[in-house]
Amino acid sequence: MINEVKLDEKDSRLTHRKKLKELSINPYGYPLPYKPNSTVDELKTKFENETNLNKEEIYIVGGRLLNIRHHGKSIFSDLLGVNHKLQIYLKKDELNEKFDIFKDYIDSGDLILVKGYLFRTKTNELTLHILDYHFLAKCILPLPEKWHGLKDTEIRYRQRYLDLFINPEAKKNFIIRSKIIKFLRNYLENQGFMEVETPMLNIIPTGALAKPFKTHHNTLGIDMYLRIAPELYLKRLIVGNFDKVYELGKVFRNEGISTKHNPEFTILELYQAFADLNDMINLTEDIISSLVYYIHNSHEIEYQEKKLNFNKPFKKISFPNELYKKGLDIEKLRNDKEYLEKIANELKIPRENRVISHVIDKAFDELVKPELWDPTFVLDYPVEISPLAISKSDNPLYTERFELFIANFEVANAFSELNDPDEQALRFTQQQKLKEKGEAEAHEYDHDYITALSYGLPPTGGLGFGIDRLVMILTNNISIREVILFPALLPKK
RNA sequence: GGGCUGGUAGCUCAAUAGGUAGAGCAUUGGACUCUUAAUCCAGGGGUUGCAGGUUCGAGUCCUGUCCAGCCCA
């Protein structure tokens, strides 16, 4: 009896590769015998509804083969493009030995360049009749299942490339993400904003209330921090006489990882000189509602099976009023230590974090945020949690600031920028006091920024968007990991 | 940081009450020149996340641990 050689799928793919090399065929493509003159997507969109196909026109396209259907002396398969699949068709009596090589040594997932003409099968499927083909790269690992796709979230995130070419819905999220970013850039360029880049490596992490990642510069011998926001650098540019600037990029916050938080995420910040909070409200409404329309052709969309209405104007409410409706008095929190303790107890805030800023923030998150569904501007933020915004003229304990909430997410944050250097210095000092009292997320004191303000920052409107959350809402996802190509995961041991 | 759920073939999933780990797809061999989840015939493929424990016997029960998902802080 002959010992049967037991092969698993990877072995058989490796054997196929070896056989190709023995036939002096490079499974990895170089050099290309001919260049592509079209793509799967182009052929599909151009000819999908075309009735007259010209067999004299030869197309050369590259792609990944999926679902090879052997049929004796003919073969059908699908060539995967970016958004479309194109069926290909091979006949033995035309390709001879190249047909046998295809039949015996090509596996699904392989990348090939094909050359042929378009025709329609009797089921009317647009198909490329192959006259010649060329190997581009061998896929030596087995693929996920063709019908159920790849469902294991861990593999989907760790090996996103598999997710992308196996699960079309996954790819769609990232295509929409790219469209959103492109829309925002176009919009801002059309409004006269200039895109700039400011440092990601900071000496002092500023511009937001968040914990930073720490790193070290070896030759300078100093600790540095990954930026938590570009804000203070961008305002220095307004001091430098630019009037409309924006930055779209990553910021890093050293906090918990969850379905709503990734340690690095994308933010858009813009600053407009000679403008104020009202200008930012108008700008925000226009950007968001026109973006939604651009993506969905409607101002009303579904998110998690509930309607979201993006028609202008958005709802506007006041931070202290909303908390007051919930039975919480910010004035009293400021003046009554016992009251603060009582509220902190109710909110289960740990003893070391019982600082006014923390309690206010937490109370809003717990009591008001869960009710903010349709786009809503929350105005009049307390000064304790708004160290970079100007105070309201009628009450210095509240600021000219808004946060925009959509579907319970904080999506945007804007204020009339504080431009009085003495007042800003005082705010920094107050933040240091909060820090001493146990507020881990107080704003750092930035002397260099005070110097910049001392040269004069004009009244300026500033606005920041959380891009990932915006993408989540527009792609109907509840996990941020579905809209970040490579989300943060623990290393696999 | 805490709680709950999960991890079984390449993938998607089964496995009653603790009693020989199965199916579909994929893969291998064969038939087939219009298939598209092709079809038909035949086969191979497993250290059940990892490390221990209980038991005559563990995918299943217990302890620890790793990773993921969900919820809470």
Side-chain angles (χ1 to χ4, degrees), chain A residues 1-16 19 44 65-80 84-96 99-100 102-110 118-130 139-160 162-163 165-168 211 254-261 304 344-354 358 361-362 365-366 370 440 477-482 487-493:
Chain A
M1 230 177 132
I2 301 163
N3 271 347
E4 232 181 298
V5 186
K6 290 175 184 173
L7 291 177
D8 68 14
E9 191 175 340
K10 188 184 172 189
D11 288 330
S12 97
R13 285 169 180 264
L14 288 172
T15 305
H16 295 164
K19 296 276 188 186
K44 267 288 191 184
L65 281 177
L66 289 180
N67 202 1
I68 301 163
R69 302 179 287 278
H70 293 270
H71 207 283
K73 293 182 177 60
S74 69
I75 298 173
F76 286 92
S77 182
D78 298 320
L79 198 63
L80 183 65
H84 296 91
K85 285 193 279 193
L86 175 66
Q87 178 165 267
I88 63 168
Y89 176 60
L90 297 84
K91 285 170 81 172
K92 182 172 167 70
D93 56 12
E94 292 174 355
L95 290 166
N96 303 311
F99 181 90
D100 294 324
F102 193 106
K103 178 168 151 284
D104 293 334
Y105 305 135
I106 280 192
D107 300 295
S108 67
D110 285 358
L118 288 169
F119 76 107
R120 277 180 199 285
T121 63
K122 59 186 181 190
T123 53
N124 209 35
E125 169 106 10
L126 184 70
T127 302
L128 194 69
H129 188 119
I130 302 308
C139 176
I140 56 173
L141 293 174
L143 297 181
E145 212 243 4
K146 65 181 173 190
W147 189 238
H148 297 93
L150 180 64
K151 291 190 173 171
D152 186 313
T153 48
E154 191 172 348
I155 302 176
R156 287 185 50 233
Y157 299 155
R158 287 189 198 280
Q159 296 178 269
R160 181 68 89 179
L162 284 179
D163 191 30
F165 76 73
I166 295 292
N167 301 326
K211 293 174 204 145
N254 206 342
E255 290 154 13
I257 297 177
S258 77
T259 40
K260 294 174 183 64
H261 299 88
Q304 300 304 303
N345 275 332
E346 283 170 14
L347 294 169
K348 293 176 188 144
I349 296 173
R351 203 147 288 279
E352 65 273 18
N353 290 331
R354 291 186 174 181
H358 198 88
D361 205 36
K362 179 86 194 201
D365 265 19
E366 296 260 314
N477 276 297
I478 51 166
S479 172
I480 197 170
R481 292 179 192 122
E482 296 296 337
L489 297 175
L490 287 167
K492 184 137 179 113
K493 288 192 178 172

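This one's a predicted model, so the numbers in the text were calculated from it and none came from an experiment. Each chain gets a letter, A, B and so on, in the order its sequence line appears, and its residues count up from 1.
- rA14(B) and rU48(B) have their C1' atoms separated by 13 Å, given to the nearest Å.
- Residue contacts shown for S77(A) are absent, as no nucleic acid heavy atom lies under 4.0 Å away.
- Backbone-only engagement by H16(A) is indicated by non-hydrogen atom pairs under 4.0 Å involving sugar-phosphate atoms exclusively.
- Taking atom C1' in both rU35(B) and rA31(B), one finds a spacing of 16 Å when rounded to whole Å.
- A 3.5 Å limit on both hydrogen-bonding distances identifies rC11(B) as the Watson-Crick or G-U partner of rG24(B).
- Y89(A) pairs by the ring pair (Phe, Tyr, Trp, His ring centres under 6.0 Å) definition with F76(A), F119(A), H129(A), not counting sequence neighbours.
- Nucleotide rU35(B): unpaired (no Watson-Crick or G-U wobble partner with both distances less than 3.5 Å).
- Partners of D152(A) by salt bridge (charged side-chain N to carboxylate O under 4.0 Å, His left out), not counting sequence neighbours: none found.
- No side-chain heavy atom of E94(A) sits under 4.5 Å from any side-chain heavy atom of S74(A).
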Hey, what are the protein-to-nucleotides 2-8 of chain B N/O distances that come in under 3.5 Å?
none

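- You won't find any donor-acceptor pair under 3.5 Å spanning the side chain of E125(A) and the base of rU35(B), going by distance alone.
- Shortest non-hydrogen contact noted between R354(A) and N345(A) is NH2-OD1, 2.8 Å.
- To the nearest angstrom, C1' of rA38(B) lies 10 Å from CZ of F76(A).
- In this structure, I75(A) reaches neither bases nor backbone, as no heavy-atom distance under 4.0 Å exists between it and the strands shown.
- Contact check, R158(A) against rA68(B): a side-chain N or O comes under 4.0 Å of OP1 or OP2.
- OP1 or OP2 of rU28(B) sits under 4.0 Å from a side-chain N or O of S12(A).
- For T153(A), the side-chain hydrogen bond (donor to acceptor under 3.5 Å, both in side chains) test picks out no residue, with sequence neighbours left out.
- A distance-only check finds no donor-acceptor pair linking the side chain of D107(A) to the backbone of C139(A) [under 3.5 Å].
- Nucleic acid contact class of G256(A) (heavy atoms, under 4.0 Å, all strands): none.
- Using a 4.0 Å heavy-atom cutoff across all strands shown, Y157(A) reaches sugar-phosphate atoms only and no base atom.
- Atom-to-atom, CG of L150(A) to P of rG69(B) comes out at 14 Å; the value is rounded to the nearest Å.
- Here the P atom of nucleotide rG1(B) and the CD1 atom of I257(A) are 11 Å apart, to the nearest Å.
- Contacts of K348(A) with the nucleic acid, taken as non-hydrogen atoms under 4.0 Å apart, involve only primed sugar atoms and P, OP1 or OP2.
- Considering only side-chain N and O atoms, H70(A) lies nowhere under 4.0 angstrom from the phosphate OP1 or OP2 of rC32(B).
- Using a 4.5 Å heavy-atom cutoff, the side chains of K73(A) and K91(A) are not in contact.
- Between rU8(B) and rG49(B), the distance separating the two C1' atoms is 10 Å to the nearest Å.
- Phosphate contact (OP1/OP2 of rC70(B), side-chain N/O of R481(A), threshold under 4.0 Å): present.
- rU48(B) makes up no base pair with any nucleotide shown, lacking Watson-Crick or G-U wobble contacts both under 3.5 Å.
- For rG6(B), the paired base is rC67(B) (Watson-Crick or G-U wobble, both distances below 3.5 Å).
- Distance CD1 (I349(A)) to P (rC72(B)): 17 Å, rounded to an integer number of Å.
- Looking at heavy atoms from C-beta onward, D78(A) lies in side-chain contact with R69(A) at the 4.5 angstrom threshold.
- In terms of the side-chain hydrogen bond (donor to acceptor under 3.5 Å, both in side chains) criterion, residue partners of T127(A) (sequence neighbours excluded) are, by chain and number, Q87(A).
- Whole-Å rounding puts the D107(A) CG to rG10(B) C1' distance at 13 Å.
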> Can you check side chain to side chain contact (heavy atoms under 4.5 Å, CB included) on L65(A) and L80(A), steps first, answer last?
Replying inline: CA-CA 6 Å; L65(A) 281 177; L80(A) 183 65; over 6 Å; no
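- Using a 4.0 Å heavy-atom criterion, one finds that K122(A) contacts the bases of the nucleic acid, with or without backbone contacts as well.
- Contact annotation for T121(A): base contact, defined as any heavy-atom pair under 4.0 Å involving a base atom.
- Nucleic acid contact class of I166(A) (heavy atoms, under 4.0 Å, all strands): none.
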> Which is it for D100(A) and K103(A) under the salt bridge (Lys or Arg N to Asp or Glu O under 4.0 Å) test, yes or no, and what are the steps along the way?
Replying inline: CA-CA 5 Å; D100(A) 294 324; K103(A) 178 168 151 284; 5.0 Å; no
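- Residue F119(A) contributes atom CZ, which lies 11 Å from atom P of rU35(B) at whole-angstrom precision.
- Comparing E366(A) and K73(A) along RNA chain B, the residue whose closest nucleotide (by nearest heavy atom) sits nearer the 5' end is K73(A).
- Rounded to an integer number of Å, the gap from NZ of K92(A) to C1' of rC34(B) is 19 Å.
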Any protein N or O atoms within reach of nucleotides 23-26 of chain B? Criterion: under 3.5 Å, listing atom names and distances.
| unit_1 | atom_1 | unit_2 | atom_2 | d |
| --- | --- | --- | --- | --- |
| rC25(B) | O3' | K146(A) | NZ | 3.3 |
| rC25(B) | O2' | E145(A) | OE2 | 3.3 |
| rA26(B) | OP1 | K146(A) | NZ | 2.5 |
| rA26(B) | O2' | E9(A) | OE1 | 3.1 |
| rA26(B) | O2' | E9(A) | OE2 | 3.2 |

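- Heavy-atom distances to RNA chain B give each of D93(A) and L347(A) a nearest nucleotide, and the one nearer the 5′ end belongs to D93(A).
- The CD1 atom of I478(A) sits 6 Å away from the P atom of rC71(B) (whole-angstrom rounding).
- Comparing rU39(B) with rC61(B), their P atoms are spaced 38 Å from each other, to the whole Å.
- For the pair N124(A)/R120(A), a side-chain contact is recorded, criterion being any heavy-atom separation below 4.5 Å from C-beta on.
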